[in-house]
Amino acid sequence: MNKFKVIRYQLVYLVLLLLIALAMVLNVNAGSVSMSPLRIFKIIFMRFEEGSVESNIIWKIRLPRSLTAAILGGALSISGLLLQTFFRNPIAGPFVLGISSGAKLFVALAVIFIAGRFGGIPPYAMVLFSFIGSLISMGLVLLFSQKIKSMSVLLVIGIMIGYICSAVTDFMINFAKDSHIASLTYWSMGSFAGVSWSALGTIAPIVATGLFSSILISKPMEAYQLGEGYAKSMGINIRLFRLVLIALSSLLSATVTAFAGPISFVGVAVPHIAKMLVKTSKPIVVIPATFLCGAAFCMFCDLIARTAFAPTELAIGTVTAFLGAPIVISLMVRLSKGKH
């Protein structure tokens, strides 16, 4: 690997880490109760004024929320990258293909029909239901992909599957209790708020496993990008490899949907931003850059959602759509120009 390219990759990683650190400071400081960076540092690293109002705000609300935005933002971005590799299409993503909507449907079913009877659902069960919904939606998309070769038509079908899942979800909400309706409505708009340290204890290992597994299959991904024939000549089991891509992308997007609701455009836009920064499509380089970029992107989006119209808080999906949609539109314009 070229020495100057390695330096560029390292600089990009460093800049992204600095942006994440800046976003963490701004997110922890932003809110109705303002604190100086020095005081925040003392509260976090020196356990200063433990038990005080400021300490409780940081440790119980702001810090878990910021870490959730970073981890889930990175997870959603990696999920999008894996789907773009699988379909060989730059605008494939969990939200576009209806995978997030399938996860949303099964989480809603779990909340309405199981949480009401048993008094709640543990975090790992939420991920499980979300994962099942993601796999079913992905399975439907794959079923149509066997009969339809046009990727544009397949993407439209994915969008329609998403609409159907959303319609069924809205229908099922009519049978929910008032308390569940309020929580499901708030959750379906997308938010990183309300995630506890115990939930983070479920999120972090799942996302870390997904990220590490994605890095492990980076070489097969690079060969797959050059075509199935080339990948087969390199000794790669295509069917097994595609199954791994499906499982990893579904697991990561399901984890995001279970804890933060369906979030649009992150999975499509961020991988392209990461590739643009590192100026390569090598998965071993792009995967860490995509995760870091997704973490920074969602942390700043969450900051905007909290502070733009304070004390009113925007849904995170509103901000990500506002920032991510122009990137997707520019990609589609570029693709249409390339066909002429």
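Given the structure is predicted, the values throughout are model-derived calculations rather than measurements.
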Just by distance, do the side chain of [X] and the backbone of [Y] share a donor-acceptor pair under 3.5 Å?
X: Thr320; Y: Gly317; result: yes
X: Ser253; Y: Ser250; result: yes
X: Asn29; Y: Val25; result: no
X: Ser79; Y: Ser249; result: yes
X: Gln84; Y: Val268; result: yes

Under the side-chain hydrogen bond (donor to acceptor under 3.5 Å, both in side chains) rule, collect the residues that match up with Thr307, sequence neighbours excluded. none

Over all heavy atoms of both residues, which pair between Ser100 and Pro262 is shortest? Give the atoms and the distance, please. CB-CB, 4.4 Å

Interatomic distance, Leu82 atom CG to Met221 atom CE [nearest 0.5 angstrom]: 5.0 Å

How many angstroms lie between atom CD1 of Ile136 and atom CD1 of Ile99, to the nearest 0.5 angstrom? 12.5 Å

Donor-acceptor contacts under 3.5 Å from residues 203-215 side chains, at least two apart:
residue, atom, partner, partner atom, Å
Thr209, OG1, Pro205, O, 2.7
Ser213, OG, Thr209, O, 2.7
Ser214, OG, Gly210, O, 2.7

Go through the steps for Val12 and Lys279 under the test side-chain contact (heavy atoms from CB on, under 4.5 Å), then give the verdict. CA-CA 10 Å; Val12 169; Lys279 291 188 176 179; over 6 Å; no

Give me the other members of the hydrophobic cluster that Leu143 sits in, counting Ile, Leu, Val, Met, Phe, Trp and Tyr linked by side-chain heavy atoms under 4.5 Å, directly or via other members. none

If the condition is salt bridge (charged side-chain N to carboxylate O under 4.0 Å, His left out), which residues does Arg65 pass it with, not counting sequence neighbours? Asp302, Glu313

According to salt bridge (charged side-chain N to carboxylate O under 4.0 Å, His left out), who are the partners of Arg8, at least two apart in sequence or on a separate chain? none

Please report the C-alpha distance between Phe300 and Leu323 in whole Å, then the side-chain angles of each, then the deciding distance to 0.1 Å, and finally whether the side-chain contact (heavy atoms from CB on, under 4.5 Å) criterion is met. CA-CA 11 Å; Phe300 279 108; Leu323 297 178; over 6 Å; no

Would Glu228 and Arg242 pass as an ion pair if we require N to O under 4.0 Å? yes

Name the residue from Val285, Leu11, Thr290 that meets the side chain to side chain contact (heavy atoms under 4.5 Å, CB included) definition with Val278. Val285

Tabulate below the donor-acceptor pairs under 3.5 Å that side-chain atoms of residues 67-75 make, not counting sequence neighbours, or state none.
residue, atom, partner, partner atom, Å
Thr68, OG1, Pro64, O, 2.7

